Number of protein chains: 2
Amino acid sequence: MHDLIRQAEALCQRSGMAFTAPRRRVLEILAASETPMKAYDLISKAGEGGQATKPPTVYRALDFLCQLGLVHRIEQDATFVACNHAGHSHPMALFVCNTCLKATEVAYDEVAPILEKAAEMQGFHLTRLVVEGRGQCQDCALAA
Amino acid sequence: MHDLIRQAEALCQRSGMAFTAPRRRVLEILAASETPMKAYDLISKAGEGGQATKPPTVYRALDFLCQLGLVHRIEQDATFVACNHAGHSHPMALFVCNTCLKATEVAYDEVAPILEKAAEMQGFHLTRLVVEGRGQCQDCALAA
DNA sequence: GTAGGTAGTGTTATGTAATAACATACTAGG
DNA sequence: CCTAGTATGTTATTACATAACACTACCTAC
Ligand SMILES: [Zn+2]
Ligand SMILES: [Zn+2]
Ligand SMILES: [Zn+2]
Ligand SMILES: [Zn+2]
């Protein structure tokens, strides 16, 4: 869990970016969370000593972390989740369990080319791809 | 363009649902729009005589139309677009052009099984899949 | 017909997500 | 020092979405 913070520090250093206090706090909270979090849940915890802070503080940190690939935004429900493949930029899908709400990250190198081809057939050139799913995770399936 | 309305009427009749005035107005506006629309743009036009109406009126109509597959919601930017393959329910992706903002709908029967398999390998059982893209459409590529 | 259920709408108010705009602080480079 | 670049703090506002309740239309059972 603290691995992620160390990786983030290293990644920032390499790319000459500052891993500042608000960025660290937001990433720490996300890394400690079992499930993806809403921005306003972060806002209510990301201040000094776990106090609330202001929306722009958190949104700026989230933008930064998303750009570095340390955090992913789940578009379906506007939540944010720490990435457990720190700094990767290969195509990946996020599957969220409807029961426990945990997110599973899955690589899909195989799929991107197919979608790109399907798009190109209509003359469309892809620059960004969002793949998200909903369903039931293994733990919840076994528990049922 | 009015085809869509007739198809919607038929679809509703078949499934015993009411194609009521607000639902019709929302679908008409979306069908007439070149690009996906924000909910509040609809709200400001969907009332009697093109006047504004109240949010719940429009959101309820949108929920209804989305469930029937007559409208799709684009999660990335919370916009809504009329479906030009009325009432289909096969897997499809929406690609939005960054330049002209038009949405292109693409079927991808090929891809869903791969993603399902990738998910199952992690024990995850998919019930819903969202595939969205961004990029440049053919027209804009040629114009550039 | 009339009571009760279902489906849909109208309306008010509120909750939730995100950003604009501007002021302030820190930190190199000349 | 001074200033350009980067980031944060703060206030206010905009944008997106739903809760809750009253009311109407319609259908069906008794
Ligand atoms: Zn990741
Ligand atoms: Zn689960
Ligand atoms: Zn469609
Ligand atoms: Zn275009």
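Nothing here was measured: the structure is a model prediction, and the numbers come from that model. Below, chain A is the first sequence line, B the second, and so on; all start at residue 1.
Summarising the local packing, CD of A:Gln13 is surrounded by 12 or fewer heavy atoms from other residues, nucleotides or ligands at distances under 6.0 Å.
The side chain of B:Ala78 has D:dC16 as its nearest neighbour among C:dG10, D:dC16, D:dT8.
Separating the CG atom of B:Asp77 from the C1' atom of C:dA17 is a distance of 14 Å, rounded to the nearest angstrom. In this structure, the CD1 atom of A:Ile74 is 12 Å from the P atom of C:dA18, given to the nearest Å. Protein atom CZ of B:Arg24 is 13 Å distant from nucleotide atom P of C:dT9, rounded to whole Å. Straight-line distance from the CZ atom of B:Arg25 to the P atom of C:dG8: 16 Å, rounded to whole Å. Counting to the nearest Å, the P atom of C:dA17 and the CD atom of B:Glu75 are 14 Å from each other. Protein atom CG of A:Leu62 is 12 Å distant from nucleotide atom C1' of C:dA17, rounded to whole Å. One atom, CG of A:Asp63, and another, P of D:dT6, lie 16 Å apart when rounded to the nearest Å. We find that CZ of B:Phe64 is positioned 17 Å from P of D:dT18, with the value rounded to whole Å.
For B:Glu48, the side chain to side chain donor-acceptor pair (under 3.5 Å) criterion is met by no residue, not counting sequence neighbours. Residues that satisfy the side chain to side chain donor-acceptor pair (under 3.5 Å) test with A:Arg14, not counting sequence neighbours, are absent from this structure. Taking A:Glu120 as the reference, nothing meets the salt bridge (charged side-chain N to carboxylate O under 4.0 Å, His left out) condition, with sequence neighbours excluded.
Contacts classified as side-chain hydrogen bond (donor to acceptor under 3.5 Å, both in side chains) and involving residues 50-63 of chain B (residues at least two apart or in different chains) are not found. Within the structure, the side-chain hydrogen bond (donor to acceptor under 3.5 Å, both in side chains) test picks out the following pairs touching residues 69-84 of chain A (sequence neighbours left out): A:His72-A:His88, A:His72-A:Glu105, A:Arg73-A:Glu75, A:Glu75-A:Arg128, A:Gln76-A:Glu132, A:Gln76-B:Arg128, A:Asp77-A:Thr79, A:Asp77-A:Arg134.
Between B:Tyr40 and D:dC16, a base-stacking contact is recorded: ring centres under 5.5 Å apart, planes less than 30° from parallel.
Judged by the 6.0 Å distance and 45° axis criteria, A:Arg24 is not positioned over the aromatic ring of A:Phe19.
Look at A:Lys38 and you won't find any side-chain N or O under 4.0 angstrom from OP1 or OP2 of C:dT16. Close to C:dA18, at under 4.0 Å from its OP1 or OP2, lies a side-chain N or O of A:Arg73.
Of all the residues in residues 42-60 of chain B, B:Lys54, B:Pro56, B:Thr57, B:Arg60 reach under 4.0 Å from DNA chain C with at least one non-hydrogen atom.
If B:Ala39 and A:Ala21 are placed on DNA chain D by their nearest nucleotide, the residue sitting closer to the 5' end is A:Ala21.
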